[in-house]
Amino acid sequence: MKRIKYQAAIARSPLMVFREEIILWYRKQGRDLPWRATQDPYHIVVSEILLHQTTVRSVIPVYAAFLERFPTVQDCAEGPLEDIKAITDPLGYKIRGEWLYRIARYVMEHCQGRFPDTLDALMALPGVGRYTAGAVLSFAFGQDAPILDTNVNRLLGRYFGLNYKDKSAEVQHRLWSLAEAVIPPGAGSEFNQALMDMGAMVCTARKPSCLLCPISHNCATGLEAEKNEWGTSAAEERVTYRNRE
DNA sequence: AAGTCGGGGCC
DNA sequence: GGCCCAGACTT
């Protein structure tokens, strides 16, 4: 009998394409950020707390200054709080210095200086919600935990045709489910970073770069949509792209 | 579900 | 002036 040929005609699923295109884009175009050079849970927590509603560019120098003054969770737990706040307060949301201080003391006193690696335990820490807990599980502990920050929320909402500005429990629950479902098994850390960079650099809040987007061909909102959410047609997008640089 | 915290950047 | 930024917490 003839040997059965398992050839390339087996189509890749849309989800598979989604994952592969995003990973390929990220490895070529992704940002090189300081907190991506480590898996230390303490460093990850510091970065994530500082990044709450705060631009990456603003956080970078503060992150460096913080870890120089408080290199370990033990150093942070020893405070004093005034020294912590002197570094973190200029970013705004001045409660974050106290959160970091309380987190460090809790981890030293109740966790033998090791950060917890479960969703519930992380979310019990002050200032750590679902997003930050997922970030720690993913980036520090390598788990396939979903994250849904403003970038991922917007990207998934547009791509799957959900109104991501709708903060109702139903819509947000669907987006969290999608954030979990799209993760390539075993690659949660890199893929989550990739999703955030896609949201921050391509699928931006204003004037998204649909022409440079590797997944626009399947996007429910972007380039292929006749009229998209930012009110310009696909043709207008192309003109906009041509006229810049 | 809505309000609050906040400095900084970009229209 | 309005919107947005790797959200979380309180009411």
Side-chain angles (χ1 to χ4, degrees), chain A residues 22 26 29-39 41 43-66 85-103 106 119-140 145-158 163-173 175-176 178-180 182-183 188-209 229-232 240 244:
Chain A
I22 286 175
Y26 174 69
Q29 312 287 343
R31 295 173 293 186
D32 186 16
L33 301 174
W35 40 88
R36 287 180 178 165
T38 179
Q39 291 189 86
H43 292 197
I44 299 298
V45 167
V46 170
S47 72
E48 294 301 341
I49 296 285
L50 296 181
L51 282 162
H52 288 348
Q53 294 289 285
T54 311
T55 55
V56 164
R57 192 174 59 178
S58 299
V59 169
I60 287 175
V62 176
Y63 173 77
F66 191 97
K85 287 175 64 61
I87 297 174
T88 60
D89 278 2
L91 284 177
Y93 287 125
K94 301 179 182 177
I95 191 63
R96 292 183 290 183
E98 188 178 331
W99 282 346
L100 286 170
Y101 181 50
R102 289 172 54 194
I103 289 171
Y106 181 88
L119 187 64
D120 289 342
L122 285 167
M123 287 185 66
L125 300 173
V128 178
R130 178 88 192 266
Y131 162 74
T132 302
V136 173
L137 291 177
S138 169
F139 304 142
I147 59 168
L148 194 70
D149 74 323
T150 185
N151 293 307
V152 180
N153 184 66
R154 183 176 56 246
L155 185 152
L156 295 179
R158 284 173 175 165
N163 179 16
Y164 62 92
K165 293 184 180 180
D166 183 346
K167 299 307 176 186
S168 69
E170 306 94 279
V171 171
Q172 291 302 308
H173 177 74
L175 286 165
W176 271 105
L178 287 168
E180 180 172 24
V182 296
I183 293 175
S189 178
E190 184 179 30
F191 193 75
N192 283 340
Q193 307 269 21
L195 282 177
M196 284 197 287
D197 274 11
M198 282 280 295
M201 302 170 69
V202 178
C203 197
T204 52
R206 288 166 300 197
K207 290 185 142 331
S209 304
E229 69 170 285
W230 43 93
T232 57
T240 300
R244 76 171 177 224

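Values below: every heavy atom of this structure, side chains too, minus hydrogens, waters and symmetry copies. Each chain gets a letter, A, B and so on, in the order the sequences are listed, and its residues count up from 1.
- A distance of about 24 Å separates the P atoms of C:dA6 and B:dG3, rounded to the whole Å.
- Taking atom NZ of A:Lys207 as the reference point, atom P of C:dC5 lies 16 Å away to the nearest angstrom.
- Regarding A:Leu195, its CG atom lies at a distance of 12 Å from the C1' atom of C:dA6, rounded to whole Å.
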Give each protein N/O atom lying under 3.5 Å from an N/O atom of nucleotides 9-11 of chain C, with the pair distance.
residue : atom : partner  : partner atom : Å
C:dC9   : OP1  : A:Gly127 : N            : 2.8

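- Residues forming a side chain to side chain donor-acceptor pair (under 3.5 Å) with A:Asp149 (at least two apart in sequence, or on another chain): A:Asn151.
- Among the atoms of the strands shown, none is found under 4.0 Å from any heavy atom of A:Val59.
- The distance from atom CH2 of A:Trp176 to atom C1' of C:dA6 is 11 Å, rounded to the nearest whole Å.
- To the nearest angstrom, C1' of C:dG7 lies 13 Å from CE of A:Met196.
- Contact check, A:Thr150 against C:dC5: a side-chain N or O comes under 4.0 Å of OP1 or OP2.
- Computed from coordinates, the A:Tyr164 OH to C:dC3 C1' distance equals 11 Å when rounded to whole Å.
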How far apart are the C-alpha atoms of A:Glu98 and A:Ile95, what are their side-chain angles, what is the distance that settles it, and do they pass the side-chain contact (heavy atoms from CB on, under 4.5 Å) test? CA-CA 5 Å; A:Glu98 188 178 331; A:Ile95 191 63; 3.7 Å; yes
Mark up nucleotides 1-11 of chain B, 5' to 3', with B wherever a protein heavy atom is under 4.0 angstrom from a base atom, S wherever such an atom reaches only the sugar-phosphate, and - elsewhere. S---BBS-BB-
Name each donor-acceptor pair under 3.5 Å that joins a side chain in residues 126-138 of chain A to protein atoms two or more places apart or in another chain, with its distance.
residue  : atom : partner  : partner atom : Å
A:Tyr131 : OH   : A:Glu48  : OE1          : 2.8
A:Thr132 : OG1  : A:His52  : NE2          : 3.4
A:Ser138 : OG   : A:Asn192 : ND2          : 3.1

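- Here the separation of B:dG6 from C:dT10, taken at their P atoms, is 14 Å to the nearest Å.
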Apply side-chain contact (heavy atoms from CB on, under 4.5 Å) to A:Arg158 and A:Tyr164, showing your working. CA-CA 7 Å; A:Arg158 284 173 175 165; A:Tyr164 62 92; 3.5 Å; yes
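- Rounded to whole Å, the distance from CG on A:Asn153 to C1' on C:dG7 is 12 Å.
- Rounded to a whole Å, the CG atom of A:Asp149 is 15 Å from the P atom of C:dC4.
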When you look at A:Phe191 and A:Val182, which way does the side-chain contact (heavy atoms from CB on, under 4.5 Å) test go after all the steps? CA-CA 9 Å; A:Phe191 193 75; A:Val182 296; 3.8 Å; yes
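- A:Ser47 comes within 4.0 angstrom of no nucleic acid atom, judged by non-hydrogen atoms across all strands.
- Rounded to whole Å, the distance from CG on A:Leu122 to C1' on C:dG7 is 15 Å.
- With A:Phe139 as reference, A:Ile147 is the one residue of A:Thr38, A:Val45, A:Ile147 to meet the side chain to side chain contact (heavy atoms under 4.5 Å, CB included) rule.
- Sorted by first and then second residue, the salt bridge (Lys or Arg N to Asp or Glu O under 4.0 Å) pairs involving residues 188-198 of chain A (not counting sequence neighbours) are A:Arg27-A:Glu190, A:Arg31-A:Asp197, A:Arg36-A:Asp197.
- Scanning atom types as modelled, no donor and acceptor separated by under 3.5 angstrom connect the side chain of A:Arg154 and the base of C:dA6.
- A:Ser58 is linked by a side chain to side chain contact (heavy atoms under 4.5 Å, CB included) to A:Thr54, A:Thr55, A:Leu91, counting only residues two or more places apart in sequence or in another chain.
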Pair A:Thr88, A:Tyr101 - check side-chain contact (heavy atoms from CB on, under 4.5 Å), show working. CA-CA 11 Å; A:Thr88 60; A:Tyr101 181 50; over 6 Å; no
